[in-house]
Amino acid sequence: MKWAVVSDLAPNKVRAAIVSEALAQAGVVNEVVFFEATQATLLDVIQNCESKGIQHLRFEGTLPDFVPGCFTNLPSTILTLKSADAVVPEENGRLWPRNFLHEGIQRLAASDLGDLDLNAGAFIVGATPEARSAVAALVRIGFRRVNLTGTDDKRGEEMISDFRRTYFNVHFSFIPRSLITQLPGVHSVAVNTLPMEEDANRLGELFYFNFLKSGAVWIEVPFTNSNSPLIQEAKNVGADVRESANLASRCDQAWAESCFKVRIDHENLRSQFVKALLPRETD
């Protein structure tokens, strides 16, 4: 069975190869293929894959924000998230958008982060497709105060306004980068959805980590490049750092269960990602 990774950036072929091998070990004969797409060509690529019998698709880069627009009928979760990082077929063969980053964060929180202080705040870095998934997951597990920062104030403010219309009884605020260092240490979890490797000074204020409570959790979403300096500094201030392999393994486990009805050991996946030097992971 073929499945595909569709991206507008360089696809993460290392991660895909490890997942493909894990599926094979679970008894699923499979082959992963890769396609390039832009916002303008995304629908054509999806339809082309479907015509070739490739019904299990995963999306990377900026594409998750545009996947919902390619479908007329959407599940309620996707209507809320406005982002889908995969499509899977229903029993009738119709493709159905899904968001496995959202599910992966929930699994990580439920299984590994049981001591999270839900009465404290959650801090999100980046007004990105991944940020929508992170916010939805954290609100669902019980957080009622969420702050977001990023490099684009306009986009950040728009996202906060959208959150306020979507979630009730939750306090949302956008924090301009210039004000990050003035935040009190009231956040028990932070999720970074932005790569820092291109310009470490884009959000250099993060390196102070003044906004985290003692022992807070820092979560990195799966990226294409390393965030090593930021991760190391988070460790230096005593944060409980969950690097990209942790979350990637949870997301991939959820995807495999949904698509192929097999359970992959997430810890084995995480270990394989580390050994292969999965981008954004340090061993």
Side-chain angles (χ1 to χ4, degrees), residues 7-12 15 39 59-66 81-83 85 99-102 104-105 108 121-138 143 146-163 172-183 187 189-212 216-237 239-248 250-251 278-282:
S7 180
D8 58 350
L9 304 173
N12 195 327
R15 177 180 176 184
Q39 178 183 357
F59 302 94
E60 297 180 348
T62 66
L63 296 181
D65 261 5
F66 307 119
L81 297 178
K82 301 181 180 179
S83 177
D85 53 26
N99 190 303
F100 289 101
L101 178 61
H102 172 252
I105 293 173
L108 183 66
F123 192 73
I124 310 296
V125 181
T128 63
E130 294 86 356
R132 290 186 181 276
S133 301
V135 167
L138 293 175
F143 279 94
V146 179
N147 289 328
L148 180 143
T149 193
T151 57
D152 186 330
D153 288 4
K154 181 179 179 181
R155 181 172 172 81
E157 293 282 7
E158 290 174 348
M159 186 168 284
I160 288 295
S161 296
D162 197 18
F163 289 153
F172 291 100
S173 295
F174 178 76
I175 311 299
R177 56 187 297 182
S178 60
L179 299 181
I180 293 176
T181 56
Q182 299 179 31
L183 288 175
H187 302 91
V189 63
V191 182
N192 180 33
T193 76
L194 279 180
M196 301 290 166
E197 74 285 343
E198 295 179 1
D199 180 2
N201 293 319
R202 291 170 68 199
L203 279 170
E205 296 85 355
L206 291 175
F207 284 80
Y208 291 93
F209 287 96
N210 53 286
F211 47 86
L212 292 183
V217 177
W218 179 271
I219 300 173
E220 288 278 319
V221 304
F223 283 109
T224 55
N225 291 294
S226 177
N227 250 358
S228 296
L230 189 63
I231 290 171
Q232 187 56 53
E233 191 57 34
K235 292 178 179 178
N236 289 343
V237 300
D240 181 3
V241 175
R242 304 304 170 100
E243 301 179 34
S244 66
N246 295 88
L247 184 51
R250 291 290 187 179
C251 298
L278 177 72
R280 281 204 181 278
E281 177 65 37
T282 56

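The shown structure was predicted, so the numbers you read here are calculated from the model rather than taken from an experiment.
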Enquirer: If you round to the nearest 0.5 Å, how far is CG of Asp153 from CZ of Arg177?
Expert: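 Between Arg177 CZ and Asp153 CG, I get 8.5 Å after rounding to 0.5 Å.
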
Enquirer: Any chance you could measure Leu148, atom CG, to Ile160, atom CD1, to the nearest 0.5 Å?
Expert: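 One finds 5.0 Å between CG of Leu148 and CD1 of Ile160.
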
Enquirer: Using the side chain to side chain donor-acceptor pair (under 3.5 Å) criterion, which residues pair with Ser133? Sequence neighbours excluded.
Expert: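 For Ser133, the residues satisfying side chain to side chain donor-acceptor pair (under 3.5 Å) (neighbours in sequence not counted) are Asn99.
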
Enquirer: Could you measure the distance from the CD atom of Glu60 to the CG atom of Asp8? Nearest 0.5 Å is fine.
Expert: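 It is 9.5 Å, given to the nearest 0.5 Å.
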
Enquirer: Taking the side chain as every heavy atom from C-beta outward, state whether Thr149 and Phe123 have any pair of such atoms under 4.5 Å apart.
Expert: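 Thr149 vs Phe123: side chains touch.
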
Enquirer: Parallel, tilted or perpendicular: which describes the rings of Phe209 and Phe207, with under 30° parallel and over 60° perpendicular?
Expert: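 The rings of Phe209 and Phe207 stand perpendicular, inter-plane angle above 60°.
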
Enquirer: Is there a side-chain contact between Cys251 and Arg15, using heavy atoms and a 4.5 Å cut-off?
Expert: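 Yes, their side chains come closer than 4.5 Å.
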
Enquirer: Ignoring hydrogens, what is the shortest heavy-atom contact between Arg155 and Ala127? Give both atom names and the distance.
Expert: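 So the two residues come closest at NE-O, 2.6 Å.
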
Enquirer: I need the Gln39 CD to Asp65 CG distance, nearest 0.5 Å.
Expert: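 Taking CD in Gln39 and CG in Asp65, the distance rounds to 9.0 Å.
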
Enquirer: Name all residues meeting the side chain to side chain donor-acceptor pair (under 3.5 Å) criterion together with Arg132; count only those two or more places apart in sequence or in a different chain, and write none if there are none.
Expert: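 Asp162.
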
Enquirer: Between Val191 and Glu130, is a side-chain contact (heavy atoms from CB on, under 4.5 Å) present by the stated rule, with each step listed?
Expert: CA-CA 9 Å; Val191 182; Glu130 294 86 356; over 6 Å; no

Enquirer: Between Lys235 and Gln232, is the side-chain contact (heavy atoms from CB on, under 4.5 Å) condition met? List the steps.
Expert: CA-CA 5 Å; Lys235 292 178 179 178; Gln232 187 56 53; 4.3 Å; yes

Enquirer: What verdict does the side-chain contact (heavy atoms from CB on, under 4.5 Å) test give for Leu138 and Ile124, after you've listed the backbone C-alpha separation in whole Å, the side-chain angles of each residue and the deciding distance to 0.1 Å?
Expert: CA-CA 10 Å; Leu138 293 175; Ile124 310 296; 3.8 Å; yes

Enquirer: So how far is it from Leu183 CG to Asn210 CG, rounded to the nearest 0.5 Å?
Expert: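 Those atoms lie 6.0 Å apart.
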
Enquirer: Over all heavy atoms of both residues, which pair between Ile219 and Val217 is shortest? Give the atoms and the distance, please.
Expert: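 Smallest heavy-atom distance, with atoms named: CG1-CG1, 3.7 Å.
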
Enquirer: For Leu247 and Ile105, which heavy atoms make the closest approach, and how far apart are they?
Expert: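 Answer, listing the atom of Leu247 first, then Ile105: CD1-N, 3.6 Å.
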
Enquirer: Looking at every non-hydrogen atom in both residues, tell me the closest pair between Gly61 and Ser7 and how far apart they are.
Expert: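 That would be N-OG, 4.2 Å.
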
Enquirer: Does Thr193 reach the main-chain N or O of Val125 with its side chain, forming a donor-acceptor pair under 3.5 Å?
Expert: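 Confirmed, Thr193 side chain pairs with Val125 backbone.
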
Enquirer: Please report the closest heavy-atom contact between Val241 and Ala234, naming both atoms and the distance.
Expert: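 So the minimum-distance heavy-atom pair works out to CG2-CB, 3.7 Å.
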
Enquirer: Would you give the length of the straight line joining atom CG of Asn236 to atom CD1 of Ile231, rounded to the nearest 0.5 angstrom?
Expert: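 Separation between the atoms: 12.0 Å.
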
Enquirer: So Trp218 and Phe211, would you call those rings parallel, tilted or perpendicular, with 30° and 60° as cut-offs?
Expert: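 It falls in the tilted class, 30° to 60°.
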
Enquirer: Can you sort out the partners of Asp85 under side chain to side chain donor-acceptor pair (under 3.5 Å), two or more places apart, ordered by chain and number?
Expert: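 For Asp85, no residue satisfies side chain to side chain donor-acceptor pair (under 3.5 Å) once neighbours in sequence are set aside.
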
Enquirer: Between Phe163 and Val135, does the side-chain contact (heavy atoms from CB on, under 4.5 Å) criterion hold? Intermediate values first, please.
Expert: CA-CA 9 Å; Phe163 289 153; Val135 167; 3.7 Å; yes

Enquirer: Work out which heavy atom in Ala190 is nearest to a heavy atom in Leu212; give both atom names and the distance.
Expert: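 Result for this residue pair: CB-CD2, 3.9 Å.
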
